[in-house]
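Lettering follows sequence order; numbering is per chain, from 1. All of these numbers come straight from a predicted model, not from anything done at the bench.
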Amino acid sequence: MENRLRKVFTQSTACCPENLSGNIWHVIETRKERKDRIRFWSFAAVGMVSFLFAIVTFRTMGTSFSQSGFFEYLSVAFSGGGVLASSWKELLLSLMNSLPFTSIILFLVPVFALLWSLSRAINFTKKSPLVLSA
Amino acid sequence: MMELTDNELISQYLHGETKAFKYLIERYSSALYNFAVRLGASNDAADIVQDIFIKVWQNLKKFNSAKASFKTWIYTIARNTITDYLRKKKPALFSQLDSEDDTPSFEDSIEDTALLPDEVLEKAEDSAFLNSLIGGLSVNYRTVLSLYYDEEMTFDEIGKVLGKPLNTVKSQHRRALLELKKLAKSHMHQSK
């Protein structure tokens, strides 16, 4: 009975519309392109914002370096005269203490964000070049 | 590429070979279309199949071949999509889906060698007659019969698709056949 019923079921299979799979594939491709485009421009926007933040934080970092006395310690280290040999430990400690860590971190965060978003955006253009078209 | 297994095609798609998904669509679209029609969504079957594939495409990364086969997974999505569609379309009629008792009855445990006698099967070879009979069954019964006879799934696979234990599926299959027999008899009496 089972085989016969299976045969009966198979015989009464509904006719699939012509090119159904082609139409579905077209819809999915269109959605994929749209999704890729949105993601590409999102990454590009993140990249641009990160770039602006990087410029601002770079300036802040420069000011912090000059205010902290880091460059003075550094010039002492390269001035010669045996200072480096005699008190390198103290000099190294002073250099470390004068480093503006907060400014450096504030600068590195947008730099990493910029690099990450750029790499993602480049990957998208490689995978689907159509993301750049209108 | 068509001779590759489902898992191989999925793996290729996830590694950037976008065309691999097209082959999966070609492999399953007509069967899913038939499944949607069997379950009573004949008017919008093409749109439903499209929705099913969009869901599959969106969730393909979540597919775990260790848990279930792709066929079982896609039919689970299909069943849920069609159920949602039917629920929106006919809320009153669809309430029967939830009220069906899943526990096997005494009637189910009795061996019946002729669930569908030859007389009924001969008549059922007329596809219009069979489709009208299936249309009279509840969505649950239609699902079990379609997955078992059209898609040639095992009871275990059907259980995974429906999220029900093996014995419940077997019981539902048996009840579906009894119901089909009842419907066939009443149809045949009416036509005499």
Side-chain angles (χ1 to χ4, degrees), chain A residues 1-47 112-134, chain B residues 16 18-19 21-38 41-42 45-47 49-54 56-58 60 112-118 120-134 145-152 173 176-177 180:
Chain A
M1 185 200 81
E2 204 162 282
N3 287 338
R4 199 161 166 197
L5 203 55
R6 192 158 277 158
K7 195 179 146 202
V8 166
F9 264 79
T10 316
Q11 279 169 354
S12 66
T13 302
C15 280
C16 191
E18 208 178 314
N19 203 24
L20 176 68
S21 51
N23 292 339
I24 295 169
W25 175 242
H26 178 70
V27 169
I28 287 176
E29 265 192 324
T30 313
R31 283 192 179 216
K32 190 182 177 297
E33 275 170 25
R34 198 176 60 192
K35 193 179 159 191
D36 283 352
R37 198 168 292 149
I38 291 169
R39 289 177 80 182
F40 170 79
W41 287 112
S42 307
F43 287 126
V46 169
F112 280 120
L114 174 68
L115 293 175
W116 174 77
S117 55
L118 272 180
S119 71
R120 294 302 300 262
I122 290 166
N123 273 348
F124 269 108
T125 49
K126 274 184 191 167
K127 267 200 270 181
S128 36
L130 286 173
V131 291
L132 288 173
S133 62
Chain B
T18 46
K19 287 261 175 187
F21 194 75
K22 195 181 176 189
Y23 289 103
L24 281 175
I25 297 173
E26 281 170 9
R27 191 170 286 178
Y28 284 101
S29 58
S30 60
L32 288 172
Y33 180 86
N34 186 50
F35 184 55
V37 172
R38 282 266 195 256
S42 45
D47 290 337
V49 175
Q50 184 177 299
D51 283 350
I52 294 165
F53 277 108
I54 288 170
V56 169
W57 171 65
Q58 286 171 335
L60 203 58
D112 187 349
T113 49
L115 279 172
L116 288 181
D118 280 352
V120 174
L121 279 168
E122 267 166 36
K123 192 88 174 83
E125 275 166 10
D126 167 16
S127 36
F129 178 74
L130 179 74
N131 285 333
S132 73
L133 287 187
I134 294 169
L145 290 183
S146 180
L147 291 176
Y148 191 70
Y149 293 106
D150 281 325
E151 308 312 326
E152 300 189 6
H173 170 254
L177 290 182
L180 207 61

[X] versus chain A, heavy atoms under 4.5 Å apart: side chain, backbone, both or neither?
X	result
B/F35	neither
B/E152	both
B/S42	neither

Nearest 0.5 Å, please: how far is CD1 in A/I24 from CG in B/L24?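 The CD1 atom of A/I24 is 12.0 Å from CG of B/L24, to the nearest 0.5 Å.
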
Let me confirm one number: the CG-CD1 distance from B/L32 to B/I52, rounded to the nearest 0.5 Å.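 The CD1 atom of B/I52 is 5.0 Å from CG of B/L32, to the nearest 0.5 Å.
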
Set out, in order, the CA-CA distance, both residues' side-chain angles and the distance that settles side-chain contact (heavy atoms from CB on, under 4.5 Å) for A/N23 and A/V27, then state yes or no. CA-CA 6 Å; A/N23 292 339; A/V27 169; 5.6 Å; no

Please classify the contact between A/I28 and chain B as side chain, backbone, both or neither, with a heavy-atom cut-off of under 4.5 Å.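 It is both, since atoms from each part get that close.
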
Against chain B, label A/K32 side chain, backbone, both or neither, depending on which of its atoms sit under 4.5 Å from a heavy atom there.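 Contact with chain B: backbone and side chain both.
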
All side-chain contact (heavy atoms from CB on, under 4.5 Å) counterparts of B/A176, not counting sequence neighbours: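 Residues passing side-chain contact (heavy atoms from CB on, under 4.5 Å) with B/A176: B/Y141, B/L145.
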
If you take the centroid of each ring, where Trp contributes its six-membered ring, are A/W25 and B/F53 closer together than 6.0 Å?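 Aromatic pair excluded; centres sit 6.0 Å or further apart.
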
